[in-house]
Student: 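My questions all concern the structure below.
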Amino acid sequence: HPFSSCLFQWVMHDWRDSECITILKNCKKAIPTRDAGGKVIIVDAVVGAGCSTPKHRETQVLYDLFIMVANGIERDEQEWRNIILEAGFTHYNIILVLGVRSIIEVYP
């Protein structure tokens, strides 16, 4: 395999679920197994993840407005899980980073 991982930063929220599944299926074909270091890294929002401070809620509202204007989709953990499993991946890990950003590590 020429690539050990694929990275998507603020990309997946622009696509419908079916398109995200297709993208991830293609990534799965391009990366090695988990034991050989293969993974997909998604940097995007996970609705409901993280703390719920007033500043965090304000950031989420502003991000929601941006997503509406950009005609995007926000997903909670269950929605991400459905996409990941439907694409044929077996495991994922969500790491909360800052504000509405999360890192989703997806493993074959």
Side-chain angles (χ1 to χ4, degrees):
H1 290 89
F3 302 105
S4 62
S5 62
C6 298
L7 170 67
F8 295 96
Q9 185 169 338
W10 296 115
V11 172
M12 302 299 262
H13 64 252
D14 290 335
W15 300 97
R16 294 186 313 246
D17 290 358
S18 60
E19 294 165 322
C20 287
I21 291 167
T22 300
I23 291 167
L24 289 175
K25 281 182 177 181
N26 287 328
C27 288
K28 190 170 185 285
K29 291 177 191 175
I31 62 174
T33 65
R34 182 178 183 178
D35 292 339
K39 70 177 170 180
V40 176
I41 302 167
I42 302 169
V43 179
D44 218 314
V46 177
V47 175
C51 62
S52 187
T53 64
K55 191 55 126 176
H56 183 265
R57 286 190 301 273
E58 179 183 335
T59 302
Q60 183 67 53
V61 168
L62 291 173
Y63 181 72
D64 291 346
L65 291 172
F66 166 73
I67 288 296
M68 285 184 354
V69 169
N71 205 18
I73 300 170
E74 288 188 302
R75 297 175 175 93
D76 62 20
E77 182 174 353
Q78 185 61 45
E79 292 165 317
W80 280 113
R81 182 181 189 280
N82 292 342
I83 289 169
I84 291 164
L85 296 179
E86 183 70 27
F89 288 87
T90 58
H91 182 74
Y92 68 94
N93 183 38
I94 296 176
I95 303 165
L96 304 173
V97 182
L98 179 62
V100 297
R101 289 179 292 179
S102 292
I103 296 173
I104 307 168
E105 297 175 315
V106 183
Y107 301 98

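Computation of the quantities below employed the complete heavy-atom set of this structure, encompassing side-chain atoms and omitting hydrogens, waters and symmetry-equivalent molecules. Predicted model, so just to flag it, every value in this text is computed and none were measured.
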Student: Taking only residues two or more places apart in sequence, or in another chain, which ones meet Glu79 in a salt bridge (charged side-chain N to carboxylate O under 4.0 Å, His left out)?
Tutor: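 Partners of Glu79 by the salt bridge (charged side-chain N to carboxylate O under 4.0 Å, His left out) criterion come out as none, since no residue qualifies.
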
Student: Might you point out which heavy atoms bring Pro32 and Ser4 nearest each other, and give the distance in Å?
Tutor: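 The pair with the smallest heavy-atom distance is CD-CA, 3.7 Å.
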
Student: Quick one: list whatever passes side-chain hydrogen bond (donor to acceptor under 3.5 Å, both in side chains) with Asp76, sequence neighbours left out.
Tutor: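 Partners of Asp76 under the side-chain hydrogen bond (donor to acceptor under 3.5 Å, both in side chains) test: none.
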
Student: Is any side-chain heavy atom of Val46 less than 4.5 Å from a side-chain heavy atom of Leu96?
Tutor: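 When only atoms from C-beta onward are counted, Leu96 and Val46 do not touch, as no gap falls below 4.5 Å.
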
Student: Can you sort out the partners of Glu19 under salt bridge (charged side-chain N to carboxylate O under 4.0 Å, His left out), two or more places apart, ordered by chain and number?
Tutor: Arg16

Student: Out of the candidates Ile84, Val40, Ile83, only one should pair with Ile104 under the side chain to side chain contact (heavy atoms under 4.5 Å, CB included) rule; please name it.
Tutor: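 Single side chain to side chain contact (heavy atoms under 4.5 Å, CB included) partner of Ile104 among Ile84, Val40, Ile83: Ile84.
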
Student: Taking only residues two or more places apart in sequence, or in another chain, which ones meet Asn82 in a side-chain hydrogen bond (donor to acceptor under 3.5 Å, both in side chains)?
Tutor: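 So Asn82 forms a side-chain hydrogen bond (donor to acceptor under 3.5 Å, both in side chains) with Gln78.
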
Student: Distance-only, no hydrogens or angles: does the Thr90 side chain make a donor-acceptor pair with backbone N or O of Pro108 under 3.5 Å?
Tutor: yes

Student: Salt bridge or not for Arg75 and Asp17, using N-O below 4.0 Å?
Tutor: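 Answer for the salt bridge query: yes.
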
Student: State, yes or no, whether a side-chain contact exists between Ile42 and Leu24 at a heavy-atom distance under 4.5 Å.
Tutor: yes

Student: Under the ring pair (Phe, Tyr, Trp, His ring centres under 6.0 Å) rule, collect the residues that match up with Tyr107, sequence neighbours excluded.
Tutor: His91

Student: Only counting residues at least two apart or in another chain, list the ones meeting side-chain contact (heavy atoms from CB on, under 4.5 Å) with Leu85.
Tutor: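 Applying side-chain contact (heavy atoms from CB on, under 4.5 Å) to Leu85 gives Arg81.
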
Student: Report yes or no: does Trp80 contribute a side-chain atom to a donor-acceptor pair with the main-chain N or O of Ala45 at less than 3.5 Å?
Tutor: yes

Student: Using the side chain to side chain contact (heavy atoms under 4.5 Å, CB included) rule, take Trp10 and Asp44 through it: C-alpha gap first, then chi angles, then the decisive distance, then the call.
Tutor: CA-CA 5 Å; Trp10 296 115; Asp44 218 314; 3.6 Å; yes

Student: For residues Phe89 and Ile31, report the shortest heavy-atom separation together with the two atoms involved.
Tutor: CE2-CD1, 4.2 Å

Student: Working to the nearest 0.5 angstrom, can you tell me the gap between Lys39 NZ and Cys6 SG?
Tutor: 12.0 Å

